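Everything below concerns the one structure shown next.
Reminder, nothing fancy here: chain letters follow the sequence lines and each chain counts from 1. Just so it is clear, the structure is predicted and the values come from calculations on it, not from any experiment.
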Number of protein chains: 2
Amino acid sequence: MESELLFGEFQRSLDDRYRVGIPADLLEPMDLQSGQAVLAKERPGCLSLWNAGLWRQKMDASIKVLQGKIQAGRLEGRLNEVQQLGRLLSTRHRDVKLSDRGRLLIPEGFREFLQVEPGDDAMVIGAAVCVEIWRPNAWVDYLNQRMPRFSKLFDKLVE
Amino acid sequence: MESELLFGEFQRSLDDRYRVGIPADLLEPMDLQSGQAVLAKERPGCLSLWNAGLWRQKMDASIKVLQGKIQAGRLEGRLNEVQQLGRLLSTRHRDVKLSDRGRLLIPEGFREFLQVEPGDDAMVIGAAVCVEIWRPNAWVDYLNQRMPRFSKLFDKLVE
DNA sequence: ATGCTTTGTGGGAATTCAACCCATCCAGTG
DNA sequence: CACTGGATGGGTTGAATTCCCACAAAGCAT
């Protein structure tokens, strides 16, 4: 299904209406059907943009696991937690449609999460299976914290 | 495949457009196909430049493995980790193409990492399997710190 | 219902930046 | 002392990105 992995780091700026241009290098391999995509809240200062089909796969897999656990009675006493999870899942993502030349309008509710103002810069990052949009600050913080463990993670996934 | 090892230490200056000339003594043995190369962030103050083919041996092979695993669905439940790895891979290296007489344009994002301003000097070092570009400061610091252990390392690798 | 305001979309103009190419400068050499 | 090859600087072109404005759609108040 999805063949190409997404890589690359780009600096982009938001225009006065909270739009970012997604670079062609990342947009093409994403292979969006008429611009249909899913935008998700990843962590404060970071959003992720998914091919709608791939997102569905990802969600289905998680939901299947959850369903299995419920049926096995393993979450018996924790139904309220499941309910809470369901609630969070609802706000965590939203369908979006990229306009003409691959421009993404960051919707209300996601702007605050990303903590950006119109005109601010943003980093657009290829994250193998999706594209991420970072507040520059959050990005460098993340790198400083996470880069040291890079090779361990790399080995784990490749071996 | 690659036979010649790269050695030599050269001082070069960045012009006002962030270009460095790679000395012919290093460029020739690198044997780049139409200037195709890979630039990687080695450590703050140091970038490394690789023959694209050699880099592929080093890294792309692993990425192919990863890609294969994903397509086989073997990382279905671990997309998070793949995503995380992808992120880190994205900042770490970048395809570059050396222009006319082996001049390298240091791309946005690598300039800050190397901590250079236009017009600054840089050291261009043959590191056996690749060429490194150092901020002069970082280079002497590294030498001061590392040189004492040089002979031990030398013996270890040669014996 | 109508007009005003806010928000999203499209696209053109302006600007920035890298690729390309050539000119100059300098050192080493015959 | 002219010549050669490498290093550096700079102009021009062309593409990509940003800035900005006009238009459309939706929401709100009168």
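Comparing A:Arg103 and A:Arg111 against DNA chain C, the residue whose closest nucleotide sits nearer the 5' end is A:Arg111. Nucleotides of DNA chain D nearest to A:Phe10 and A:Arg19 differ in position, and the one nearer the 5' end is that of A:Phe10.
If you check the side chains of B:Glu132 and B:Ser48, you find no donor sitting under 3.5 Å from an acceptor. Donor-acceptor pairing under 3.5 Å is lacking for the side chains of A:Glu4 and B:Gln67.
Rounded to an integer number of Å, the gap from CG of A:Asp15 to P of C:dG12 is 17 Å. Summarising the geometry, the separation between CD on B:Gln36 and P on C:dA19 is reported as 11 Å, rounded to the nearest angstrom. Between the C1' atom of C:dT9 and the CG atom of A:Leu98 lies a distance of 13 Å, rounded to the nearest Å. The nearest whole Å value for the distance from the CZ atom in A:Arg101 to the C1' atom in C:dG12 is 16 Å. As a whole-Å value, the separation of B:Asp16 CG from C:dC17 C1' is 12 Å. Taking atom CG on A:Asp100 and atom C1' on C:dG10, their separation rounds to 6 Å, with Å as the unit. In this structure, A:Leu26 atom CG and D:dA16 atom C1' are separated by 15 Å, rounded to whole Å. Per the geometry, NZ belonging to A:Lys97 stands 12 Å off C1' belonging to C:dG10, to the nearest Å.
Contact annotation for B:Ser99: no contact, since no heavy-atom pair falls under 4.0 Å across all strands. Counting non-hydrogen atoms under 4.0 angstrom, B:Pro23 reaches the backbone sugars and phosphates but no base. Residue B:Arg12 is in sugar-phosphate contact alone, with no base atom involved, counting any heavy-atom pair closer than 4.0 Å across all strands shown.
For B:Lys41 and A:Glu9, the salt-bridge test passes: some basic side-chain N is under 4.0 Å from an acidic carboxylate O.
In B:Glu81, the CD atom is crowded: over 12 heavy atoms of neighbouring residues, nucleotides or ligands sit closer than 6.0 Å.
Remark: B:Arg87 qualifies as a cation-pi partner of A:Tyr142 under the 6.0 Å distance and 45° angle criteria applied to the six-membered ring.
Among D:dT8, C:dT7, C:dG11, the nucleotide with an atom closest to any side-chain atom of A:Arg17 is C:dT7.
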